[in-house]
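First the structure, in the form of C-alpha coordinates, and then the observations on it.
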Amino acid sequence: MPSVSEPSIESGISREQIIWQVVCTIPPGRVASYGQIARLAGFQGLARFVGRTLSQLPDGSEVPWYRVLKQDGRVAFSPDSNRYVQQCQRLTEEGVLVKNGRVSMTQFRWTL
DNA sequence: AAGTTGACAGTTA
DNA sequence: ATAACTGCCAACT
(Lines give C-alpha, C1' and ligand atoms only; values in the text may rest on other atoms or scores of the structure.)
Protein backbone atom coordinates (compact mmCIF):
# COMPACT_ATOMS: atom_id res chain seq x y z
CA MET A 1 0.00 0.00 0.00
CA PRO A 2 1.68 3.19 -1.22
CA SER A 3 1.45 6.77 -0.21
CA VAL A 4 3.92 8.68 1.90
CA SER A 5 2.98 11.90 3.60
CA GLU A 6 4.36 15.26 2.57
CA PRO A 7 7.71 16.46 3.84
CA SER A 8 7.40 18.85 6.74
CA ILE A 9 7.63 22.40 5.46
CA GLU A 10 10.17 23.59 8.02
CA SER A 11 12.83 20.92 7.87
CA GLY A 12 12.32 19.79 4.33
CA ILE A 13 12.80 16.31 5.73
CA SER A 14 9.79 14.09 6.18
CA ARG A 15 9.12 12.43 9.49
CA GLU A 16 9.45 9.18 7.64
CA GLN A 17 13.04 9.95 6.76
CA ILE A 18 13.87 10.86 10.32
CA ILE A 19 12.53 7.54 11.49
CA TRP A 20 14.34 5.59 8.83
CA GLN A 21 17.50 7.39 9.79
CA VAL A 22 17.15 6.34 13.39
CA VAL A 23 16.40 2.76 12.44
CA CYS A 24 19.60 2.74 10.43
CA THR A 25 21.57 3.49 13.59
CA ILE A 26 20.56 0.25 15.26
CA PRO A 27 23.76 -1.79 15.43
CA PRO A 28 23.79 -5.23 13.82
CA GLY A 29 23.00 -7.96 16.29
CA ARG A 30 20.82 -5.66 18.38
CA VAL A 31 17.10 -4.88 18.27
CA ALA A 32 14.83 -2.02 19.29
CA SER A 33 11.12 -1.54 19.90
CA TYR A 34 8.79 0.70 17.92
CA GLY A 35 8.33 2.91 20.93
CA GLN A 36 12.05 3.20 21.40
CA ILE A 37 12.52 4.34 17.83
CA ALA A 38 9.72 6.84 18.23
CA ARG A 39 11.42 8.32 21.29
CA LEU A 40 14.81 8.56 19.65
CA ALA A 41 13.26 10.16 16.60
CA GLY A 42 11.61 12.78 18.75
CA PHE A 43 8.10 11.40 18.41
CA GLN A 44 7.48 10.04 21.86
CA GLY A 45 4.30 8.08 22.08
CA LEU A 46 3.99 7.57 18.34
CA ALA A 47 5.05 3.95 18.20
CA ARG A 48 2.23 3.13 15.82
CA PHE A 49 3.40 5.85 13.51
CA VAL A 50 6.80 4.20 13.35
CA GLY A 51 5.22 0.93 12.37
CA ARG A 52 3.13 2.60 9.73
CA THR A 53 6.19 4.38 8.42
CA LEU A 54 8.25 1.23 8.16
CA SER A 55 5.40 -0.32 6.23
CA GLN A 56 6.03 2.26 3.54
CA LEU A 57 9.54 0.95 2.94
CA PRO A 58 10.13 -0.42 -0.53
CA ASP A 59 11.29 -4.00 -0.81
CA GLY A 60 15.05 -4.34 -0.89
CA SER A 61 15.56 -1.21 1.16
CA GLU A 62 18.81 -0.78 3.06
CA VAL A 63 16.90 0.19 6.17
CA PRO A 64 17.21 -2.62 8.75
CA TRP A 65 13.49 -2.72 9.50
CA TYR A 66 13.82 -6.27 10.78
CA ARG A 67 15.64 -5.04 13.89
CA VAL A 68 12.44 -3.43 15.13
CA LEU A 69 10.12 -5.49 17.32
CA LYS A 70 7.29 -4.95 19.76
CA GLN A 71 8.15 -3.92 23.27
CA ASP A 72 7.77 -7.48 24.51
CA GLY A 73 10.23 -8.75 21.91
CA ARG A 74 7.70 -10.40 19.64
CA VAL A 75 7.67 -9.99 15.89
CA ALA A 76 4.77 -7.77 14.91
CA PHE A 77 3.60 -9.91 12.01
CA SER A 78 1.29 -12.84 11.83
CA PRO A 79 3.35 -16.04 12.12
CA ASP A 80 2.09 -17.30 8.78
CA SER A 81 2.98 -14.16 6.89
CA ASN A 82 5.91 -13.94 4.57
CA ARG A 83 7.38 -10.96 6.40
CA TYR A 84 7.37 -12.82 9.69
CA VAL A 85 9.55 -15.55 8.27
CA GLN A 86 11.87 -13.10 6.62
CA GLN A 87 12.31 -11.04 9.76
CA CYS A 88 13.15 -14.04 11.90
CA GLN A 89 15.61 -15.23 9.31
CA ARG A 90 17.44 -11.94 8.91
CA LEU A 91 17.73 -11.56 12.66
CA THR A 92 19.06 -15.06 13.05
CA GLU A 93 21.63 -14.35 10.36
CA GLU A 94 22.88 -11.52 12.50
CA GLY A 95 23.22 -13.69 15.54
CA VAL A 96 20.04 -12.58 17.28
CA LEU A 97 18.37 -15.54 18.90
CA VAL A 98 14.75 -15.81 17.77
CA LYS A 99 12.67 -18.35 19.61
CA ASN A 100 9.10 -18.81 18.44
CA GLY A 101 9.02 -15.40 16.79
CA ARG A 102 10.27 -13.88 19.98
CA VAL A 103 13.53 -12.26 21.05
CA SER A 104 14.85 -11.83 24.55
CA MET A 105 14.87 -8.06 24.90
CA THR A 106 16.89 -8.19 28.10
CA GLN A 107 19.62 -9.76 26.04
CA PHE A 108 19.46 -8.09 22.65
CA ARG A 109 17.82 -4.74 23.29
CA TRP A 110 19.86 -1.91 21.90
CA THR A 111 20.86 0.59 24.52
CA LEU A 112 22.67 3.86 24.06
C1' DA B 1 -16.15 16.01 8.80
C1' DA B 2 -16.46 11.58 11.27
C1' DG B 3 -15.29 6.87 11.84
C1' DT B 4 -11.89 3.16 11.16
C1' DT B 5 -7.26 1.13 11.20
C1' DG B 6 -2.86 -0.35 12.76
C1' DA B 7 4.53 -3.52 11.68
C1' DC B 8 2.24 -0.32 19.38
C1' DA B 9 2.62 0.39 24.58
C1' DG B 10 1.46 0.77 29.59
C1' DT B 11 -1.16 -1.23 33.27
C1' DT B 12 -3.32 -4.68 35.51
C1' DA B 13 -4.41 -9.59 36.74
C1' DA C 1 6.32 -14.75 31.97
C1' DT C 2 1.62 -14.39 29.52
C1' DA C 3 -2.73 -12.44 28.57
C1' DA C 4 -6.52 -9.17 28.61
C1' DC C 5 -7.75 -4.41 28.50
C1' DT C 6 -7.21 0.27 27.71
C1' DG C 7 -5.01 4.42 25.76
C1' DC C 8 -2.74 6.37 21.76
C1' DC C 9 -2.55 9.32 17.43
C1' DA C 10 -1.58 10.09 12.50
C1' DA C 11 -3.11 8.26 8.19
C1' DC C 12 -6.68 6.59 5.59
C1' DT C 13 -11.64 5.86 4.18
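Nucleotide B:dC8 holds its P atom 13 Å from the CE atom of A:Met105, rounded to whole Å. Going from atom CZ of A:Phe77 over to atom P of B:dG6 covers 13 Å, rounded to whole Å. To the nearest angstrom, P of B:dC8 lies 11 Å from CG of A:Leu69. To the nearest angstrom, P of B:dA7 lies 11 Å from CG of A:Leu54. We find that CZ of A:Arg83 is positioned 13 Å from C1' of B:dG6, with the value rounded to whole Å. The CD-C1' distance, from A:Gln71 to C:dA1, rounds to 15 Å in whole Å. Atom-to-atom, CZ of A:Phe49 to P of C:dG7 comes out at 24 Å; the value is rounded to the nearest Å.
Residues A:Val23 and A:Arg67 fail the side-chain proximity criterion, which asks for heavy atoms closer than 4.5 Å.
Environment of CD in A:Glu93: crowded, with over 12 heavy atoms of neighbouring residues, nucleotides or ligands closer than 6.0 Å.
The phosphate of C:dG7 has neither OP1 nor OP2 within less than 4.0 Å of any side-chain N or O from A:Arg48.
The stretch residues 32-46 of chain A touches DNA chain C through A:Leu46, each having a heavy atom within less than 4.0 Å of the strand.
Although no hydrogens or angles enter the test, the distance criterion places no donor-acceptor pair under 3.5 Å between the side chain of A:Glu94 and the main chain of A:Arg90.
Separating the CD atom in A:Gln36 from the OG1 atom in A:Thr111 is a distance of 8.0 Å, to the nearest 0.5 Å. The structure places CG of A:Leu91 at 9.5 Å from CZ of A:Phe108, a figure rounded to the nearest 0.5 Å.
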Identify all pairs in which a protein N or O lies below 3.5 Å from an N or O of nucleotides 11-13 of chain B, and state each distance.
none

Worked check of side-chain contact (heavy atoms from CB on, under 4.5 Å) between A:Leu69 and A:Gln87: CA-CA 10 Å; A:Leu69 309 168; A:Gln87 181 162 24; 3.5 Å; yes
Working for side-chain contact (heavy atoms from CB on, under 4.5 Å), residues A:Val75 and A:Cys88: CA-CA 8 Å; A:Val75 173; A:Cys88 293; 4.1 Å; yes
Derivation and outcome, side-chain contact (heavy atoms from CB on, under 4.5 Å), residues A:Ser33 and A:Arg109: CA-CA 8 Å; A:Ser33 75; A:Arg109 178 147 169 112; 3.5 Å; yes
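The listed nucleotides are B:dA9, C:dA3, B:dA7; the one nearest the side chain of A:Lys70 is B:dA9.
Classification of A:Arg74 and A:Asp72 as a salt-bridged pair holds, one side-chain N sitting under 4.0 Å from a carboxylate O.
Scanning atom types as modelled, no donor and acceptor separated by under 3.5 angstrom connect the side chain of A:Arg52 and the base of B:dG6.
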